S.K.: 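Sharing a structure with you now.
Counting convention: from 1, in listed order, for ligands and their atoms alike. Please read all numbers here as calculations on a predicted model, not as lab measurements. Note: hydrogens, waters and symmetry copies are ignored here, and every other heavy atom, side chains too, is used.
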Amino acid sequence: MKTAAAKKPKKAARGKPARRIEAQTRTKFVYSFDEIRLAERAAGSWDGVRGLLGGKGANLGEMTKLKMPVPPGFVVTTEACKAFLAAGDRFPRGMWEQALSAVAALERATRKKFGDPDNPLLVSCRSGAKFSMPGMMDTVLNIGLNDAVAEALVRLTGDERFVFDAYRRLIQMYATVVLDVPAKPFEALLEQHRSRRGVWNDADLPAEDLRAITEGFKQIVMERAHRPFPMDAVEQLRLATMAVFRSWNGKRAYDYRKAAGISHDLGTAVNVVAMVFGNLGADSGTGVATTRNVTTGENALEGDFLMNAQGEDVVAGTRKTLPIAELARLMPGVDKELKRIARTLEKHYREVQDIEFTVERGKLWMLQTRDAKRTAQAAIRLAVDLAKEKLISREEAVLRVKPEHVDYFLHPQLDPAARNAASDKGALIASGLNVSPGAAIGQIVFDADTAEHWAQRLEKKVILVRAETRPDDVHGMLAAQGVVTSRGGRTSHAALVARQFGIPTVVGVVALEIDADRRQMRTGSGKVLKEGDWLTIDGGTGEVFAGEIATVVPDVTDPYLVELLSWADRFRRLGIWTNADYPRDAERARKFGAEGIGLCRTEHMFFEAERLPVVRSMILARSAEERAGELAKLLPMQRADFLGLFRAMDGLPVTIRLIDPPLHEFLPNHDELQRTITELETRLKLNDGDAAALEAELAAKRKVLDSVDALREQNPMLGLRGVRLGIHMPELVRMQMRAIIEAACACAKKGVKLKPKIMIPLAATSNELKVQRALLEDEAQKVIREQGVKVPYQFGTMIEVPRAALIADHIAEYAEFFSFGTNDLTQTTFGISRDDAETGFLSEYLQKGILERNPFATIDQAGVGKLMEIGVKLGRQRRKGLEIGICGEHGGDPASIAFCHRTGLDYVSCSPFRVPVARLAAAHAALEEKKARR
Ligand code: PEP
Ligand code: MG
C-alpha cells in the first residue's frame, strides 16, 4: 500500500508536464500577418485578437487583410510571452520551431534569405501589447546583419552609407536592449563623429565614418558586455525575441502600466517584420502621422517625417523633422496614397489613427496603425465630428469622451492680464510646440528621479525640463505639473505621454540650452535658470515663462464641448445639481448646466469677515435677550444671501441646509486664547503697559475662554452639531428659517418661481426630525402670515449616519426628501475621521492595498453603498417617489455617480466645476446600463 501510494503522485507528476508539453506543442504561438482570420477564429473577437497578437500585430494583420502595403511578417503571441516569463525566461515548447518556419515563409515571400550574404533578409523585432504603451518596451531593427552580410549588401546596393548606418543601429539597439549596455557610450561616439564633421544629423555622416562607428560599437559591446556581437542571424533573432518578452517586466513598462491602469498579466507579443528602409537616399524617408490633428481635433493629417532616415529618428526627437504637409511637395504620389490610406483606416476603425510609415525608394510601406492618443480638447471635437460624419453614433461619441477629458478641459489657463504683464517684464523666455494644453507652474527639475522625489516626498510642485524625454522618464513626467523639452516634435515621446495623461507640456523649445549635469539652463537671451527656480508654462500656446503667473479657469464655452454635453444630457437619467453657497457659485454652476442646488452650507456665510464677530457674540451671549439681539443683526444678512441664491437659480430647486458645524468652529482657538491670557498675565506682573487696559483685556479674554471651555468637546464631529444644535439652540434655526421664508416671499412677490427645500443635517432619529420640523414649521407659518404671501416649501434631511439609513422608513415620515451626506456617512460608517485620515494612515492603507480606493473620494460600495441602498429602499417604502440625492464630495466622482445611477437616486450634487464632468459621467452610467441590458 505504502509503495503504491508513494508511487502514485510520482506517476501523476510525470504525466502532468507531459500533457502540458503536448498542449504547448499543439498551441499556435506564431501567426503570419495574412493569418489574421485564423487568429480571429482562435480568439473569438477583435478584442481577443488584440489580446492574443497585441494591438500592433492585430492591426498589421488587419491592414494586410485590407490590402494595404504592409511588409511581410509574423507575430509571436502574448501567450508565448506569458509562458516564457512564467517558465523563468524559457520559450514554450514548439514556439521557436514555429517562429523558424515563419522565418522560412518570410524568406519565400521576400525571395531573400536570413543571414545569406548573397541575398540577405533583414527583419525588425518589435514589442506590441494589447494596449499601446509607446516606447515602453524594446525593439531591435536590422536583425540579420553581420560583417559578411554588410559587405555583401554594399556590393549589392552600392550604398555603403546605408549599409553601415543600418549595421551600427543594429549593434547599438542589440547592445542596449539585449545586453543591457548603457546608451551613453554609443551616443558619445556618434557625437564625436558629428562634431568632427560639423554636422547636426547622423544622416549627414559619410560612409567612412559609419564604418568606423560600426567597428567602434562592436568594441563597446566587447568591453561592456564581455562578449562579441553575435554574427549568427538566427541567434540575433532568438535573443532579441527573448529581450522583447523580458521588457514586459521592465521598470518603465511596469510604471507606465500602473499609471495607465493596464493589467500586468497581459504580456506582449513580438512582431517580426521584413525590414524596409527609409534611409536609402533622397527618394526614401520615414514618418509618423495622425489621421487628424490630435491636439486641436482639426480634420487634417498631422505629423512629422524625415527624408533619408529610419523610424526611431522621428520618434526619438533627436533630429529636426519636417511637417507632414511638406510631403505633398516632396513626394506627391506618396502623399496622395498616404491620405487615401488614412481615410480608409479611419473608416475601417471608425476612429482617428496614429500611423507609422516608411518610403523605400519611392514606395510607401505602412508599418503601424493604432487608435491615436489625443488631448482632451481634441477628444471632444473628434467625437463630435465623427458622429456628425456618421462614422459613429452619438451614444458612442458620448462614451468615447472620458470624464477626465472634460475635467482637463477645465484646467487652469494663464490669466491673460497676468500673462501680458509677465511678458512685458521679459518673463517670456522661450516658446516651443504646444502639445498638451493647460497652464502649469512649478520649480524646475532636470531629471525624472528628482521630479518624483521633490513632488512626492517634499510635496513640491515641479516642472520637468529635459533635452528630450525617454520612456524611463515617465515616472518623473507623471509626478510633474508640466514638462518642457528642448528637442522633439508633436509625436515625440514627451508629447505622446503628456497628451495621454493631460500633463501640460511644451516640446521642441530649441532656444533652451539645457545642462542637466550642472542643473541649469540658459535661455536664448543668456538668462540662466537653475534647478529650483520657478517656471510657468502654457501647454496651449507653447510659451515658457520664468517665474510664477496667476491662472484662471475658463468658462465651458467650447462649442464642441457644449454640443457633446447636450447629447449627454439626452442620455442621462440622473439630475445634476450643485453645491453652492453664494450666488456667484450658483450662477457659474448654472452656466455649467446645473439643474438645481443640492446643498447650500449656510454656515459658510457666517464665516465672512463682517459676520463672524456677530456670530461670536450670538454664541457667547449670556442671556436670551442678548442672543436675540445678535440674531436680529444676522437675519437681514442671511435673507440677502438667500435672495441672491433664489434669483440666481430662478425656477430651479434650491436646497438650504440649516447650520451644521459644532459652534466651537466659529470661536477663537482654545490654545491660542490660553497663550494670549498667559502673555497678558506676564505683562501685568512685569508692569509692561497700562495696568487698567491690560486688566480689562484679560477679563474679556477670560470670559471668552470660559465660553470656549463650556462648549469644548472631546469629539466635536460626534458632538453638538447638525440637528442636535438646532434643537439645543432653537432661536438660531428659527432665524435661518425666517430668513429663508422672508426671502422666498420677497421673490414670490416679484414673480420669481421657487420652492425652497429646507434640509436638516445629521439626524439619527425620527424624533429629532419631528421636533425640529414642528419648530421650523411654526416659524415658517408665522412669516407667511406676516407677509401675506403663500410660498411652498419642503422639509428634508441628510442621511449622514448609519442609523438614519437603517431606519430610513421612520425618517421618511418627517422628511419629504433625502440627501446622502456621504462625507459624514463615510466617516461614521468607517469610524475614521474625515479630517485626519487622508493625511495619515489612510495613505498607508492605500499603499498597502488594505483599502483599494480612498472611500472619501469614491463611494465604498460594499459598506457605505449598502447603507445607501437600504436607505433608498426603506425611504421609498414609506414615502412613494421620495426624492433622493447625494451631496457629499462623491457626487462629482464618476465611479460614484455610476453607483448613484444604479441605486436609483434622482440627482447628484457636486461642486460647480464638476458639473460638466458629472453630466457626462451620468450619461455614461445610463449608456453602460443600456449596453449591459442588450
Ligand atoms: C456630507 O457630510 O457629505 C456633507 C455634504 O456635509 P458636510 O460636508 O458639510 O459635512
Ligand atoms: Mg455632513
S.K.: Judged on heavy-atom distance to atom 3 (O) of ligand 1, which of T828, I799, N823 sits nearest?
M.R.: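 That would be N823.
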S.K.: Output yes if D660 passes the N/O/S-under-2.8 Å test against the Mg ion (ligand 2); output no otherwise.
M.R.: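 For D660, the answer is no, given that no N, O or S atom comes within less than 2.8 Å of the Mg ion (ligand 2).
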S.K.: Where's the contact between T822 and ligand 1, heavy-atom distance under 4.0 Å: side chain, backbone, both or neither?
M.R.: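 The answer is the backbone of T822.
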S.K.: Determine, for E928 against K931, whether the closest basic-nitrogen to carboxylate-oxygen distance falls under 4.0 angstrom.
M.R.: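 Yes, E928 and K931 are salt-bridged.
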S.K.: Ignoring hydrogens, just give me the one of R721, R834, M798 whose non-hydrogen atom is nearest atom 4 (C) of ligand 1.
M.R.: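 Of the listed residues, M798 has the closest heavy atom.
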S.K.: Show the atoms of ligand 1 that are less than 4.0 angstrom away from any heavy atom in D660.
M.R.: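 Matching atoms, with element in brackets: 10 (O).
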S.K.: Could you tell me whether R611 and D641 have a side-chain N and a carboxylate O separated by less than 4.0 Å?
M.R.: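 Yes, charged N to carboxylate O under 4.0 Å.
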S.K.: Would one find an N or O of E603, backbone or side chain, under 3.5 Å from an N or O of ligand 1?
M.R.: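 No: no nitrogen or oxygen of E603 is under 3.5 Å from one in ligand 1.
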S.K.: About how large, to 10 degrees, is the angle OE2 of E800, then the Mg ion (ligand 2), then OD2 of D824?
M.R.: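 Vertex at the Mg ion (ligand 2): approximately 100°.
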S.K.: Is H890 touching ligand 1 with its side chain, its backbone, both, or neither, if touching means heavy atoms under 4.0 Å apart?
M.R.: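 Within the 4.0 Å criterion, H890 makes no contact with ligand 1.
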S.K.: Which atoms of ligand 1 are found less than 4.0 Å from any heavy atom of L599?
M.R.: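 So the answer, numbered in order with elements, is 5 (C).
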S.K.: For a side-chain contact (heavy atoms from CB on, under 4.5 Å) check, start with the C-alpha distance between V654 and F642, then their side-chain angles and the critical distance, and finish with the verdict.
M.R.: CA-CA 9 Å; V654 176; F642 300 139; over 6 Å; no
S.K.: May I ask you to check whether Y814 and F795 place their ring centers less than 6.0 Å from one another?
M.R.: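 No, the ring centres sit 6.0 Å or more apart.
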S.K.: For residues L718 and P716, determine if any side-chain heavy atom of one lies less than 4.5 Å from a side-chain heavy atom of the other.
M.R.: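 With C-beta onward as the side chain, the pair stays apart.
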S.K.: Give the contacting part of L825 toward ligand 1: side chain, backbone, both or neither, where contact means a heavy-atom distance below 4.0 Å.
M.R.: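 It is neither part, as no heavy atom is under 4.0 Å.
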S.K.: Looking only at atom types and distance, does a side-chain atom of T765 sit under 3.5 Å from a main-chain N or O of E768, one as donor and one as acceptor?
M.R.: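 Pair found, side chain donor or acceptor close to backbone of E768.
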S.K.: Only heavy atoms of R601, strictly under 4.0 Å: list the atoms of ligand 1 that pass.
M.R.: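 Counting atoms of ligand 1 from 1, those under 4.0 Å from R601 are 4 (C), 5 (C), 6 (O), 7 (P), 8 (O), 9 (O).
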S.K.: As an exercise, identify every atom of ligand 1 less than 4.0 angstrom from a heavy atom of C887.
M.R.: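 Answer for ligand 1: 5 (C).
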S.K.: Determine whether D709 and H670 satisfy the following criterion, side-chain contact (heavy atoms from CB on, under 4.5 Å), listing intermediate values before the conclusion.
M.R.: CA-CA 8 Å; D709 267 338; H670 180 275; 2.8 Å; yes
S.K.: Looking at G821, which atoms of ligand 1 are within less than 4.0 Å of one of its heavy atoms?
M.R.: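 By the 4.0 Å cutoff, the relevant atoms are 1 (C), 2 (O), 3 (O).
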S.K.: Quick one: look up the protein heavy atom nearest atom 6 (O) of ligand 1 and list residue, atom name and how far away it is.
M.R.: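 For atom 6 (O) of ligand 1, the nearest protein heavy atom is R657 NH1, 3.0 Å.
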S.K.: Is it the side chain (CB and beyond), the backbone, both or neither of Q827 that lies under 4.0 Å from ligand 1, heavy atoms counted?
M.R.: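 No part of Q827 is near ligand 1 at this cut-off.
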S.K.: Given the ring of F817, does K757 sit roughly above its face, with NZ or CZ under 6.0 Å from the centre of the six-membered ring and within 45° of the axis?
M.R.: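 Because its charged atom sits under 6.0 Å from the ring centre and within 45° of the axis, K757 does stack over F817.
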S.K.: Quick check with a 6.0 Å cut-off and a 45 degree axis cone: is R902 positioned over the face of F899's six-membered ring?
M.R.: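 That pair does not qualify as a cation-pi contact.
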S.K.: Is there a side-chain contact between D706 and K703 (heavy atoms, below 4.5 Å)?
M.R.: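 D706 does not reach K703 side chain to side chain.
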